[in-house]
Amino acid sequence: MKKTYFNHDSSARLDMRIISMRSKLGMEAYGVFWAILELLFTEENKICTSQYEILSFGLQCDTKILKQVVEDFDLFVIEDGCF
């Protein structure tokens, strides 16, 4: 049976990395962050950085913001071009 639900910390917004991201990029980035987590859940926990443009189109967000959320706030581990 395919999983369609994952638990998350209800105080995630208080994490200093999240606060830093929100202070620089606003609440849009917070939405992008959670959308990425949802995608990771359905994509076997691995998405490659070469897919930023496709991902940003799918999420209807700016590619620059998506890249910053993934790379600039230590929210994701990037290995071998994937996070």
Side-chain angles (χ1 to χ4, degrees):
M1 178 198 253
K2 186 174 181 172
K3 293 182 180 181
T4 59
Y5 177 82
F6 65 94
N7 290 328
H8 78 275
D9 186 356
S10 63
S11 62
R13 71 190 179 287
L14 302 176
D15 184 290
M16 292 306 293
R17 296 166 298 172
I18 296 289
I19 292 170
S20 176
M21 177 189 68
R22 287 183 12 230
S23 73
K24 290 179 175 64
L25 303 176
M27 286 301 287
E28 177 185 4
Y30 192 57
V32 169
F33 168 75
W34 283 107
I36 291 169
L37 290 184
E38 291 170 356
L39 283 170
L40 284 168
F41 182 76
T42 61
E43 296 296 324
E44 306 295 324
N45 293 321
K46 184 177 179 181
I47 299 173
C48 293
T49 57
S50 62
Q51 297 176 306
Y52 282 152
E53 287 189 30
I54 295 166
L55 290 170
S56 64
F57 178 80
L59 298 176
Q60 294 295 287
C61 69
D62 185 271
T63 304
K64 181 180 173 185
I65 289 177
L66 175 70
K67 183 177 179 181
Q68 287 178 285
V69 168
V70 172
E71 296 182 6
D72 293 353
F73 301 97
D74 295 321
L75 295 167
F76 300 94
V77 174
I78 300 174
E79 293 179 343
D80 299 323
C82 296
F83 61 96

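Throughout, numbering of the chain's residues begins at 1 and tracks the sequence.
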* Nearest-0.5 Å distance that lies between atom CZ in F76 and atom CD in E71 -> 11.0 Å

* To do: Output the distance between atom NZ (K46) and atom CD (E43), rounded to the nearest 0.5 Å.
  => 12.0 Å

* Is it true that F57 and L59 fall in one hydrophobic cluster, defined by side-chain heavy atoms closer than 4.5 Å? -> no

* To do: Give me the ring orientation class for Y30 and F33: parallel if the planes are under 30° apart, tilted from 30 to 60°, perpendicular past 60°.
  => parallel

* Any donor-acceptor pair under 3.5 Å from T49 side chain to C82 backbone -> no

* Is any NZ, NE, NH1 or NH2 atom of the basic residue among D15 and R17 found under 4.0 Å from an Asp or Glu carboxylate oxygen of the other? -> yes

* Structure fact -> Looking only at heavy atoms, the pair that brings W34 and A12 closest together is CZ2-CB, 3.6 Å

* Asked: Can you hop from I18 to I78 via hydrophobic side chains spaced under 4.5 Å?
  -> yes

* Hey, could you give me the CD1/CG distance between I47 and L40, rounded to the nearest 0.5 Å? => 4.0 Å

* Mark yes when over 12 heavy atoms from residues, nucleotides or ligands other than E53 sit less than 6.0 Å from its CD; otherwise mark no. => no

* Between CD1 on residue I65 and NZ on residue K24, distance to nearest 0.5 Å -> 14.0 Å

* Look at the side chain of S20 and the backbone N and O of M16, then say whether any donor-acceptor pair between them is shorter than 3.5 Å. => no

* Structure fact -> In short, D62 meets S56 closest at the heavy-atom pair C-CB, 4.1 Å

* Are the side chain of E28 and the backbone N or O of L25 linked by a donor-acceptor pair below 3.5 Å? -> no

* Once you round to the nearest 0.5 Å, how far does CG of L55 lie from NZ of K67? -> 13.5 Å

* Pairwise distance OH(Y52) to OG1(T63) - rounded to 0.5 angstrom -> 10.5 Å

* Hphob cluster co-occupancy, V77 + F41, side-chain heavy atoms under 4.5 angstrom -> no

